[in-house]
Every structure is written in structure tokens, then in C-alpha cells.
There are 2 protein chains.
Amino acid sequence: MTEVDRRVADFESQLKGAGLRMTQQRRLILRVLAEADDHPDAKGIFTRAFALDPTLSLSTVYRTMKVLESQGAIERHAFEDGISRYEHADQEHHDHLIDIDSGEVIEFSSDAIEELQRRIAAELGYDLVRHRLELYGRKKQPARKGGRK
Amino acid sequence: MTEVDRRVADFESQLKGAGLRMTQQRRLILRVLAEADDHPDAKGIFTRAFALDPTLSLSTVYRTMKVLESQGAIERHAFEDGISRYEHADQEHHDHLIDIDSGEVIEFSSDAIEELQRRIAAELGYDLVRHRLELYGRKKQPARKGGRK
DNA sequence: AGCTAGATGAACATCATTTTCATTTGCAGC
DNA sequence: GCTGCAAATGAAAATGATGTTCATCTAGCT
Ligand SMILES: [Mn+2]
Ligand SMILES: [Mn+2]
Ligand SMILES: [Zn+2]
Ligand SMILES: [Zn+2]
């Protein structure tokens, strides 16, 4: 709770600085995001939040996600299905590997690949501003005696 | 033209093998794709093809893109705006750098980054099946006397 | 407690893409 | 070349995620 409360408080001061208000709905959605350990979409966030406050509307979820994103409080990702998914932004940068059988999303980070991307952009005459990197894979089968089947 | 005709013929035999038909519309769309050197979306393809045959419909473009994709004749990409864009598949694998000022799409390929992705997936216990890598950058300014401004 | 601009909920609008369905057409067999 | 029929098409309607409108509510200030 302490951790979640700290994030909510942090965000409240950010809002103040932008002349925006901390509403019940924003508090609620922020709490749902802070407690999530996955990458829910708007409907998923709505479902979780609606369970705690059945007066919440889906419109407000969408609006709130834009506010949260513009304040840098969350990150938005659209994997292969094109649906926007969200996660809290107070973690170091990482990319995602998606299990194509289960849909599970696994986070990883690699300084080597980050550096390599910067270098590639530089060789093309560009400064790298951001990137999207998603790996789609299938669980390796445990090795069998006699090697690969 | 010879090159384009070869691609159309190649695709026609693929279709035959799948019990599908080579129609005027598919021929036309395939031609537009073969002549494109960019990454047009469905509407863009429709516009170019419609100029050559004003009886074509946008529905058919969408349907044809699915057929072409399922046959492996084209690749589909959805960059940040989420709209599907297409390109002919008979070229070696490459990834894309998008100029965030102009929207220009630049192709590149790097064996090093391909290998690194495989290694990262492997370390997580996965076989890499496919990936999505997009770099978003801004043109480097030419160096000035006195270094970075 | 009262004021007011920002926020909300509900309904409706948008936009890319898909689906329905009546009509057309590719093409295999004669 | 003509027929038959399943596949393909065009036009219109449906879908689904997301955005917008507008009347009403409320956070935050006095
Ligand atoms: Mn993540
Ligand atoms: Mn390309
Ligand atoms: Zn990264
Ligand atoms: Zn690649």
C-alpha cells in the first residue's frame, strides 16, 4: 500500500503542476495500474476499476490513460493485435517477449541491444529517439538424450 | 515489367496450389505492390489501383491483402499509428527506421541485431519465431564548429 | 458554503477493417 | 466456344477500439 500511495501522491503533485485535478476516478485507475503486474488494455483496466467503483465509465478510462501518458506516468504498448496496453512507467526501460502460444508477456532488458540500436540509427544519420522491440517466441523444449529431436 | 510479370506468375501458381483463383483484381493489386517502393496502406493501394481500374472496391483490397499475406507474398507492418501497411515479401528480411519529423521509412538490416535477438530469446528459454523492431529517430544535424550546439 | 473551470457519464461519432449478400466471373469439363 | 458452379467481387452494413459532445457534477479555491 505504501508503494501505491507514494505513486498516487507523486502523480497528484504532477497534476497540480499542470493545473489538473486529482479526481476519485484518476486515483482509482492509478491504483489499479500500480497494483497490476501485467499489461492490461483499457477494457481490462475498466473491469478491475469498475469492481471497486461501479460508477466509473469506460470513457473516463480512455481519457485518463491519455492524461497519464501525457504526464509520463504510464507507457502504452500495442503488440500484434493493435490494442493499446498499459503499464506503470516508474520502472527502468525494458522490451517485451511474447509467448505466441500462451500470450504471456515477458519483460527483458539488454544494454547491448539498446546500444546496437543507437549505433544503427547513427550509421543511418539519425539520433535514436525511441524504439519498439518485441520478440515473439515459443518455449524451448527441454533437451532430450540424443540431441534435438 | 519483366520483373513484375514474373512475380505475378509466381503468385498465380501459388494460388493454383491453394485452389484459389487469379482474378483481374488480384493481378492489379499485385502489380501495384510490385511497383511500389514504399509501405502503402490499404487506402493507398486502393488509390493507386483504382486509377488503373475504377471498378475496384476497397473491400477487395482488404480481402486481397489477407490472401496475399496468408500466401506469404507480402508483409504487413503496423507502425505507431496502428494502420496496416504492406510491402512485397520477395526481399531479404529487414527492419525499419522511421523519421519522426517527415514520416519517411528507411529500411535497414543488421545481422548483429538479429543474432542478439535470438540470443536474448534463448536466454529466456524461448526460440525466436519472429520479431518487430522499429527505430524512431530524428536526422542528425551536421556537426558545427565548436561541437554540439 | 459558494464559485467556477476542469472532469465525468452516457450517448453518439469516427475510422480502419470485416462481414453480409446479391451478383459476377474464373476456370474445369465438355 | 459454351455451361455450371464455386470462388470472388462490389456495395452496404456491421464491428470494435477509441474519441468527442454535452449536460451535469465536483475538486479546489475563496
Ligand atoms: Mn512491460
Ligand atoms: Mn520494408
Ligand atoms: Zn529497448
Ligand atoms: Zn529484424
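Chain letters run A, B, ... following the sequence lines, proteins first and then strands; every chain starts at 1. These numbers come from a predicted model, not from an experiment.
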Rounded to whole Å, how long is the line connecting atom NZ of Lys66(A) with atom C1' of dG19(D)? 7 Å

Gln24(B) atom CD is separated from dT25(C) atom C1', nearest whole Å, by 10 Å

Tell me: CZ of Arg76(A) to P of dA17(D), nearest whole Å? 15 Å

Acceptor/donor pairs from residues 116-125 of chain A side chains to any protein atom, 3.5 angstrom cut, sequence neighbours excluded:
from      : atom 1 : to        : atom 2 : distance (Å)
Gln117(A) : NE2    : Ile113(A) : O      : 3.2
Arg118(A) : NE     : Glu115(A) : OE1    : 3.3
Arg118(A) : NH2    : Glu115(A) : OE1    : 2.9

Taking only side-chain nitrogens and oxygens of Ser84(A), does any of them come within less than 4.0 Å of OP1 or OP2 of dT18(D)? yes

Check the angle between the aromatic planes of His94(B) and His39(B) and answer parallel, tilted or perpendicular using the 30° and 60° thresholds. perpendicular

What I'd like to find out is whether the side chain of Glu87(B) reaches to under 4.5 Å of the side chain of Glu107(B), using heavy atoms alone. yes

To the side chain of Leu56(A), which of dA17(D), dG10(D), dG9(C) is closest? dG9(C)

Does Arg85(A) or Thr55(B) map to a spot on DNA chain D nearer the 5' end, using the closest nucleotide for each? Thr55(B)

If you define the side chain from C-beta out and look only at heavy atoms, does anything of Ile74(B) sit under 4.5 Å from Met65(B)? yes

Hey, what are the protein-to-nucleotides 1-5 of chain D N/O distances that come in under 3.5 Å?
none

Test item: Thr64(B) side-chain N/O and Thr60(B) main-chain N/O as donor-acceptor pair under 3.5 Å: yes

Between the protein and nucleotides 21-25 of chain D, which nitrogen or oxygen pairs are less than 3.5 angstrom apart?
from    : atom 1 : to       : atom 2 : distance (Å)
dT21(D) : O4     : Arg63(A) : NH1    : 3.1

From C-beta outward on Ser57(A), which listed nucleotide comes closest to its side chain: dT9(D), dG19(D), dG9(C)? dG9(C)

Could you check how far CZ of Arg27(B) sits from P of dT9(D), rounded to whole Å? 11 Å

The criterion is side-chain hydrogen bond (donor to acceptor under 3.5 Å, both in side chains); which residues satisfy it with Glu104(B), sequence neighbours excluded? none

Does Thr23(B) have a side-chain nitrogen or oxygen under 4.0 Å from the phosphate oxygens OP1 or OP2 of dA7(D)? no

Does Gln25(A) have a side-chain nitrogen or oxygen under 4.0 Å from the phosphate oxygens OP1 or OP2 of dG9(C)? yes

Using the side-chain heavy atoms of Thr60(B), tell me which of these nucleotides is nearest: dG9(C), dG10(D), dG19(D). dG10(D)

With axes from five pairs an end, tell me the bend angle of the helix from dA1(C)-dT30(D) to dC30(C)-dG1(D), nearest 10°. 30°

Identify which nucleotide among dG9(C), dG10(D), dA16(C) has an atom closest to any side-chain atom of Tyr62(B), counting heavy atoms from C-beta outward. dA16(C)

Let me know the distance between CG of Asp81(A) and P of dA17(D), rounded to the nearest Å. 9 Å

Qualifying residues under salt bridge (Lys or Arg N to Asp or Glu O under 4.0 Å), relative to Asp81(B), sequence neighbours excluded: Arg85(B)

Can you tell me if Tyr126(B) and Asp99(A) form a side-chain donor-acceptor pair at under 3.5 Å? yes

Please assess His131(B) against Glu114(B) for the test side chain to side chain contact (heavy atoms under 4.5 Å, CB included), listing each intermediate value before the final yes or no. CA-CA 9 Å; His131(B) 66 267; Glu114(B) 299 295 324; 2.9 Å; yes

CA sep, side-chain torsions, deciding dist, call: Asp38(A), Arg48(A), salt bridge (Lys or Arg N to Asp or Glu O under 4.0 Å): CA-CA 13 Å; Asp38(A) 52 352; Arg48(A) 298 176 201 186; 2.7 Å; yes

Over how many whole Å does the gap from Arg26(A) atom CZ to dG9(C) atom P extend? 11 Å

Co-membership, hydrophobic cluster, residues Leu133(A) and Ile98(B), 4.5 Å side-chain: no

May I ask whether Leu15(A) and Val32(A) are part of the same hydrophobic cluster, defined by side-chain heavy atoms of I, L, V, M, F, W, Y residues being less than 4.5 angstrom apart, directly or through others? yes

Rounded to whole Å, the CG-C1' distance (Leu15(B) to dG26(C)) equals 12 Å

Between dG9(C) (C1') and Asp53(A) (CG): distance, integer Å: 12 Å

